[in-house]
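Order of the sequence lines fixes the chain letters, A, B, ..., with proteins taken first and strands second; residue numbering starts at 1 for each chain.
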Amino acid sequence: MNNSDILVIGAGVAGIEASLLLADTGKKVYLVEKASLTGGNVIKYEDVFSNMECSTCMIAPKQQEVLQSENIELLTLSTVEKVQGEIGDFTVTINKKARYVSLIDCIGCGMCYEPCPVSLKNEFEQNLSEKKAIYVPCPGSLPNVPAIDPEHCLQLNGKKTCNACVEACAFGAINLSDKDEKIEIKVGAIIVASGFDIIDPAGFPQYGYGKYPNVYTAMEAERLYASNGPTEGEITLRKGDAPPKSIAIIQCVGREQQGYCSSVCCMYSLKLAHYLKHKLPDAKIYNFHSDWCMPGKYYQKFHQDVKEEGVDFIYSPVAKIKVEGNDKSLSIEYYNGKNEKEKLSADMVILSLAMMQGKDTASLSKLLGIEQDTKGFFMNQAIQLGSVDTSKPGIFLAGCAEGPKDIQGSITQAEAAVGKVMSYLS
Amino acid sequence: MSDKIGVYVCECGPNIADKVDIKKILAEISALNEPPEKIIIAKKHKLLCSKEGQDFLADEITKNELTHLVIAACSPRDHDITFMNVCKKTDLNPYLYKLVNIREHCAWIIPDKDEATEKAIQYIRAGISRVTYQAPLTEKELDSIPDVLVIGAGIAGIEASLSLAGENRKVYLVEKTSSIGGKVTRFEKILPHQGTNLDIIQEKIQAVQENENIKVFTETEVEKAIGFFGNFEIILKNIHNEEQKNDFKVGAVVVATGFDLTDPEKIPRYGYGKIEDIYTSMEIEESNSKTGKILLKSGKPPKSAALIHCVGREEKGYCSRVCCNYMFKIAQYLKEKIPAIKITEFYQDLCLPNKADQEFFIDTKNKGVDFIRFKDIAVRQKDKEKFIEYTKMDGKKEKISAEMIILAPAIEPAEGSKDIAELLNISLDETGFFQEAHQKLNPVATSIDGVYIIGSAQNPKDISDSIIDAQAVGGKILTQLIPGVKLVPEVTVSEISDAFCTGCQTCLSVCSYGAIYFDEDRNISIVNEAICRGCGNCVASCPSGAAHAKHFTSAQIYQEVLEAIR
Amino acid sequence: MKEQFTPKIVGFLCNWCSYAGADLAGAAKLKIMPSLTVIRVMCSSRIDPNLVLTTLLLGADGILIAGCHPGDCHYEKGNYYARRRFALLKKVIKTLKIDPERLQLSWVSASEGKRYAEVVNQFTEKIKKLGPNPIQTKPYL
Ligand SMILES: Cc1cc2nc3c(=O)[nH]c(=O)nc-3n(C[C@H](O)[C@H](O)[C@H](O)COP(=O)(O)OP(=O)(O)OC[C@H]3O[C@@H](n4cnc5c(N)ncnc54)[C@H](O)[C@@H]3O)c2cc1C
Ligand SMILES: Cc1cc2nc3c(=O)[nH]c(=O)nc-3n(C[C@H](O)[C@H](O)[C@H](O)COP(=O)(O)OP(=O)(O)OC[C@H]3O[C@@H](n4cnc5c(N)ncnc54)[C@H](O)[C@@H]3O)c2cc1C
Ligand code: SF4
Ligand code: SF4
Ligand code: SF4
Ligand code: SF4
Ligand code: SF4
Ligand code: FES
């Protein structure tokens, strides 16, 4: 039996691109996304290198298209639980968590947040701001419909009776008795686009993350700069009243441990330097790097441009860098090009951390019956000259689920996975 | 005939209802009624985008035989499509409806209720004025040809042909040399993450030759390609025999013309062409794959070799992506063949973007290859001995001698890329490679619909990425050019009135998509609706007011302006 | 004349970035002065010089053209054309004895709700200071 419906796992840029192309042909696409919103990591950035195009402007129209497409069934807060069968005839069980807010009835007015008595850390904002138990991760989230965190909602976790959001909603869009669902679907092919995660900085105490408040991850820095972020784009410090006067970006953190180069960190570190020069023209910006990995034809020019903006590039092995200091100021000890020990101080340190396989890669690979490579990402069929094929026919990879790459590479793979699906199913 | 305009104000729950005085709005709008020429029906609804709201609207349109529809609600980005679909269910043309955004542009941003109400009335009046100037538009359907022309039979072109060819789709694969396969057929091994020998490449070449839906033309070039997505007319010519031509039609064109290496002789400091036993990487690959040996000119195996990366990188302004990896490969060739050889690799940066690259580097290093990062480098000869003189990162100047020197010259776009670009009306970017439609979101497409760029013609690429590109173009074309399915071009396009056009061709020069062509006979410019995206740039550029943007005509916009400044 | 002058300002917003930015400002419930009326066009490059001049001659006190940031135009290069036409228009307007400050071109992206609000509010303040458009022509369309 040949089923021509398709399952796409993950609604980042890769999953979105694949879904839209397939939906164009009239095929039914189930787009399963773990989070409450689409867009993956890219929507966290204000701009994307190297054209520095506004990220939202770039992908919001695509996210809208997903919501408006008649052929795409978007399942948010959902994960795949079981997969059986083979190419042309997979049976998939999806665990769809209750959102407690109806995607159809909610119009996204946001009246329900304020009355909610519960405040929580907002992980989407890298914990730099708070959200309520009923929340959208950031302004402009798509779908623009909140979700309720059942663990923290007082009514749902049974700690108290509360009905505040329900009362605030004029549209009857909130239903606190919403239940998790199991959905069984049948598809002919599966595209895995579950993306990446960032390595935990706690594994690198020498750079002081967690110990000193003004050490940040690159992802945190992205949100600090974002005009829809926790500070509306102001570069502020966790500790300190004034904006930082000196900032050190440290690249390649975690590269050695992971055994590969994450391929985009050089470029996004340059982007961060460019951001900071733009917002804080008088601040001193240092960039500690090893070899520059700039594989795109436009990338070296961007490096040149950022250099001319007055960023101080320091070639220094990351393994020998140490960050020390206190709440207020930080000092970076490093070895310069002549292999001499030096020190400089900075108000803020940003760590460009290695990208690693998404948290669910191991469990997904088990239930899909596809392999992981030695680095932890899903294994491609390099020996067959293919990077979107998995060991199992009918299951394909796209985007950072296969390995670190930029948006262009993720999109190309998504289109390639679609090409494969189309040749199998048509 | 009189206009019968339905105006529906959405309460959006409390979002609009609490912030503006809907009663007052309805009263003022109803007062615009001028029967019999202009009949206005003004009503409110709780929630127009809901299922119930949509049914209500559809019912109102039919029941009242509305000629125009104005909805005062939220942003068109949220619900324009919703309400256009409602129109489509009735007899009302969806282009005779206008969504007025009184939520984001009034209710939510103007705290004073009276001010917000006034503003909402102003917007709605503008909507009413505008809508009567709108014209019904209908979607057109165009026949399309599913067949595809692929230019260049390197690994990218080959993979694309295999992905695309099928029962209902022919592929014409054009190659200017006498054989297909491109550069990869000149290597002994392909490394690092693609196994070792060339069997897999040979299999692909054979699959192309055996595929009855792929027609291969070697020693052939494209002479002409005109048309648009779904319908290009192609003429091919044999390179050796100008008279031998082929013509046919295709729906899409894929450019896979690959790369060339920059000529190191142009950068004298490397001594290439002047000093003996300095080779390019490609020369080493070729002689190695032919003879299985890497030897000096004297016929002896080299005792030492220097491999210099990044030759021409500075001049080109970009990193060529593949050189680091293939230089490790060449070092490994040498180590295998001449175990005692001393190898030093000189590099500026090691570019190892693939997850498997770093491992291959470490493996190469562990085989006893030295790596030196340089700032400056030059090759000098002194009494038959060759020296590599270099400045290290710490500023120290050093030199070593080597019997053989192998250069990795920058990858540049294939010779003739410019001609191909002109032929197809696509652009080259500042690096000389073909320019993609969008750097991030649409890398295998170009600004001309139906013309695609793949492989190293777009950007320096390894084999695996070239293959991904080829499969990606498969994804694009197989989903967008389906046999038997008609293409539906953009509806809100521009048009040029022949009465007003003076033939100055200003509009041609501003259109990013080549959507306008010039009719020499009639001395006017004409918009090809199949290509136009409706940006309106040509309209603004036309000195004679001959160009119009459908659904965004000057008359329509003026109606809004007039209400705005009343 | 104690009566407050409420200017009439026309805002041409491109669909893809600036209009989306305005929507975000709305969703964030930012306070924006009501003098500006938004007119949506697909791209800032649609705004022809005629449209701008006529709008001024018809008596608009100010015109804001807002488009995607340079390089971000949905149609590749539209905003560059808009910028060139804008530069030219500034000069033409001066010859009409209209203060060129009445015409403004701003880049607003889809995530810049706050910026949109600031741009509109500042422009409105500026026009308020400039006072009514001296041209008192009657609409002649
Ligand atoms: C700090 C930083 C800055 C960057 N800046 C740039 C830049 O400027 N330009 C550029 O080109 N690239 C940049 N990148 C790289 C870019 O983020 C990636 O190329 C891109 O996000 C890859 O998209 P994706 O769809 O593969 O994965 P993701 O964006 O990670 O999306 C994956 C999606 O899958 C979902 N998901 C995960 N697991 C599951 C599951 N089990 N079930 C269902 N759904 C699941 C996730 O919630 C997510 O929505 C940057 C990376 C970092 C770390
Ligand atoms: C020395 C060296 C070693 C390498 N080793 C490896 C390796 O080990 N592993 C790896 O992954 N990559 C390697 N690469 C990179 C690899 O060569 C490229 O990724 C690959 O060749 C790109 O394929 P392509 O089809 O894009 O281009 P090409 O191989 O250049 O093919 C393009 C084809 O188009 C034809 N053509 C050009 N213009 C026209 C025209 N106007 N009309 C008709 N036909 C035309 C050409 O004749 C050619 O046949 C190496 C590169 C070099 C230089
Ligand atoms: S019911 Fe839960 S989500 Fe709603 S307001 Fe109360 S605590 Fe918050
Ligand atoms: S749930 Fe209700 S109150 Fe909350 S955003 Fe949606 S419609 Fe508004
Ligand atoms: S149509 Fe728009 S304004 Fe009306 S209820 Fe729906 S979202 Fe609100
Ligand atoms: S700019 Fe106007 S007059 Fe000139 S060719 Fe184009 S349409 Fe005709
Ligand atoms: S509207 Fe834009 S795309 Fe269409 S012809 Fe005019 S300039 Fe070209
Ligand atoms: S689309 Fe925004 S300026 Fe062109």
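Contact annotation for B/Leu350: both backbone and side-chain heavy atoms come within less than 4.5 Å of a heavy atom of chain A. Only the side chain of B/Asp429 comes within contact range of chain A, with at least one heavy atom under 4.5 Å from a heavy atom of that chain. Proximity to chain A is limited to the side chain of B/Ile81, based on heavy atoms less than 4.5 angstrom apart. Within the 4.5 angstrom heavy-atom criterion, only side-chain atoms of B/Ile482, from C-beta onward, approach chain A. Heavy atoms closer than 4.5 Å to chain A are found in both the backbone and the side chain of B/Arg313. The part of B/Glu430 that comes within reach of chain A is its side chain, from C-beta onward, which places non-hydrogen atoms under 4.5 angstrom from that chain. For B/Tyr347, the part sitting under 4.5 Å from any heavy atom of chain A is the side chain, from C-beta outward, and nothing else.
With respect to A/Lys375 and B/Glu359, a salt bridge is recorded, a charged nitrogen being found less than 4.0 Å from a carboxylate O.
Remark: the B/Gln439 side chain and the A/Ser50 side chain contain an N/O donor-acceptor pair separated by less than 3.5 Å.
Between the B/Asn459 side chain and the A/Lys297 main chain, a donor and an acceptor come within less than 3.5 Å of each other. Not one N or O on the side chain of A/Lys420 forms a donor-acceptor pair closer than 3.5 Å with the backbone of B/Gly474.
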_Does B/Lys440 form a side-chain contact (heavy atoms from CB on, under 4.5 Å) with A/Glu53? I'd like the steps, not just the answer._
CA-CA 9 Å; B/Lys440 292 284 155 192; A/Glu53 178 162 354; 5.8 Å; no
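Looking at B/Asp394 and A/Asn339, their side chains never come closer than 4.5 Å, going by heavy atoms from C-beta outward.
Residue A/Leu385 holds its CG atom at 9.5 Å from CD of B/Glu203, rounded to the nearest 0.5 Å. Note that SG of B/Cys49 is 7.0 Å distant from CD1 of A/Ile107, once rounded to the nearest 0.5 Å.
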